[in-house]
J.: 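Take this structure first; my questions come after.
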2 protein chains.
Amino acid sequence: MDWQKLLTQAGFRISKPRKQVMQLLESTQTPQTALAIYQQLRAQGARLSLVSVYRTLELFVSLGLISMVYEPEGSLGYVPASAGHHHYILCQVCHRAVEFAGTEDLAGLIYQVENQTQFLVSDHLLQFFGVCPKCQNKSKESA
Amino acid sequence: MDWQKLLTQAGFRISKPRKQVMQLLESTQTPQTALAIYQQLRAQGARLSLVSVYRTLELFVSLGLISMVYEPEGSLGYVPASAGHHHYILCQVCHRAVEFAGTEDLAGLIYQVENQTQFLVSDHLLQFFGVCPKCQNKSKESA
DNA sequence: CGCCTATTGAAAAACTTTTACAATAAGGAA
DNA sequence: TTCCTTATTGTAAAAGTTTTTCAATAGGCG
């Protein structure tokens, strides 16, 4: 189901700022902060406000349409979320975020942590950082 | 090695604010934000400034003396770091943070993610959230 | 004990996020 | 299509967080 139908069915309207924010997020492979989204859209001639960007991001996250990722420098970025898994690996060179399927592998880890700590695990935060294949090749060439 | 020796050997001084911040962090089991640390120390009669708390936390993190944890609500908390692993599981009821050893289990996960994404993994962010044994018992009793 | 300078505190600046409220526009109904 | 209702927006201000600046202070070595 596309995001517009989902919004409508949840009782929300398809406004201009919402379209613009989603379009921008879908057009990039790198997580974008609220401010970055605002600045890029303004540069493209859009007339939305930064407040709308914040409100839109909050709404989209709550509906599961986009995911938050923690950038290495501490800022919070947003990427479109696919259905299912929402774990990301970030390239430290080109900043691309790539999803990976880790659910079944995580199950084992969760089981071990529960045994070890006696906690009941209900949620987790998992991200990897590294260098993507493209950027590995680039550094090889220049070497 | 205790933190004061480590600080000295790294060329830093043992100042009053640094002692106070470390003492407070060591006295609690729950991650504390910069502001919370400041407010508690002031309530105890300490005369340090919030700026010093920020500076001290930054220094301690860079030296590996404390770790940052992401709170579910989005704020950043700090806890004393033990040598070695720095992965935490947070209780959503009492907010305690407990370290767990997950290095060897993670190795397998990292291997699979590298294979799947062709990334070279160099770092990761991993936290669990759940309910600790004590709080599980409490909810059983009241039920 | 005294000196050198790392560190602190106060104030201001910079930056980020939220709130309030009147104006606008999305989209169902006629 | 046009009208009407109200969700959503934009502006401005407030609230909150983190960083910077610089003179005063105090840690710790000689």
Side-chain angles (χ1 to χ4, degrees), chain A residues 2-25 31-63 65-66 68-78, chain B residues 2-25 31-63 65-66 68-78:
Chain A
D2 73 282
W3 68 273
Q4 299 202 1
K5 275 192 185 149
L6 198 151
L7 263 200
T8 301
Q9 289 185 9
F12 297 100
R13 296 181 179 171
I14 314 298
S15 70
K16 222 168 194 178
R18 287 175 186 163
K19 280 189 216 163
Q20 294 166 329
V21 168
M22 184 56 89
Q23 185 186 36
L24 188 132
L25 284 179
Q32 302 292 324
T33 65
L35 183 61
I37 291 168
Y38 170 72
Q39 290 174 332
Q40 289 172 74
L41 287 173
R42 295 294 290 206
Q44 294 173 15
R47 294 193 211 95
L48 84 179
S49 71
L50 179 55
V51 187
S52 289
V53 176
Y54 277 107
R55 287 191 282 226
T56 297
L57 292 173
E58 183 186 10
L59 177 67
F60 285 0
V61 166
S62 75
L63 292 173
L65 294 172
I66 63 177
M68 284 174 21
V69 305
Y70 293 93
E71 309 275 2
E73 346 87 55
S75 60
L76 220 45
Y78 297 85
Chain B
D2 73 279
W3 67 272
Q4 299 202 1
K5 275 191 186 152
L6 199 149
L7 263 200
T8 301
Q9 289 185 9
F12 298 99
R13 294 180 180 172
I14 314 297
S15 70
K16 224 170 192 174
R18 288 175 185 165
K19 278 190 216 163
Q20 293 166 329
V21 168
M22 183 56 89
Q23 185 186 37
L24 186 131
L25 283 178
Q32 302 292 324
T33 65
L35 183 60
I37 291 168
Y38 170 72
Q39 290 173 332
Q40 288 172 74
L41 287 173
R42 295 294 290 208
Q44 294 173 16
R47 292 191 214 98
L48 85 179
S49 71
L50 179 55
V51 189
S52 289
V53 176
Y54 277 107
R55 287 191 280 227
T56 298
L57 291 173
E58 184 185 10
L59 177 67
F60 286 1
V61 167
S62 74
L63 293 174
L65 294 171
I66 63 177
M68 283 175 21
V69 305
Y70 293 92
E71 309 277 1
E73 345 87 56
S75 60
L76 221 44
Y78 297 85

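Only a predicted model underlies this, so the values are computations on that prediction, with no experimental measurement involved. In the text below, chain A, chain B and the rest are named by the order of the sequence lines, each starting its count at 1.
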J.: Just the endpoints, please: which first and last nucleotides of DNA chain D, 5' to 3', lie under 4.0 Å from a heavy atom of chain B?
T.: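 The footprint of chain B covers D:dT17 to D:dG28.
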J.: Need two values: the first and the last nucleotide of DNA chain C, 5' to 3', having an atom under 4.0 Å from any heavy-atom of chain A.
T.: C:dT16 to C:dG27
J.: Quick check: closest heavy atoms across B:Trp3 and B:Arg18, and the distance to 0.1 Å?
T.: CH2-O, 3.8 Å
J.: Taking C-beta and beyond as the side chain, do B:Leu24 and B:Gln44 meet within less than 4.5 Å on heavy atoms?
T.: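 B:Leu24 reaches B:Gln44 side chain to side chain.
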J.: So, using side chain to side chain contact (heavy atoms under 4.5 Å, CB included) as the criterion, who are the partners of B:Ser75 when residues are at least two apart?
T.: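 Listed in chain order: B:Thr33, B:Glu71, B:Glu73.
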J.: Check whether more than 12 heavy atoms from other residues, nucleotides or ligands sit under 6.0 Å from atom CD of B:Gln23, and answer yes or no.
T.: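 Not more than 12 within 6.0 Å, no.
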J.: May I ask you to list the residues of residues 48-55 of chain B, by number, that have any heavy atom positioned under 4.0 Å from an atom of DNA chain C?
T.: B:Leu48, B:Ser49, B:Val51, B:Ser52, B:Arg55
J.: Side chain to side chain contact (heavy atoms under 4.5 Å, CB included) with A:Gln39: which residues, sequence neighbours excluded?
T.: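 Side chain to side chain contact (heavy atoms under 4.5 Å, CB included) check on A:Gln39 returns A:Leu35.
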J.: Return the OH to CD distance between A:Tyr78 and A:Glu58, rounded to the nearest 0.5 Å.
T.: 8.5 Å
J.: What is the bend of the helix from C:dC1-D:dG30 to C:dA30-D:dT1 when you compare the axis at one end with the axis at the other, using five pairs each and rounding to 10°?
T.: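 For the helix from C:dC1-D:dG30 to C:dA30-D:dT1, the axes at opposite ends meet at about 40°.
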J.: What distance do A:Leu7 atom CG and A:Leu59 atom CG have between them, rounded to the nearest 0.5 Å?
T.: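 Here the interatomic distance stands at 6.0 Å.
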J.: Can you work out whether B:Arg13 or A:Arg42 has the more 5'-proximal nearest nucleotide on DNA chain D?
T.: A:Arg42
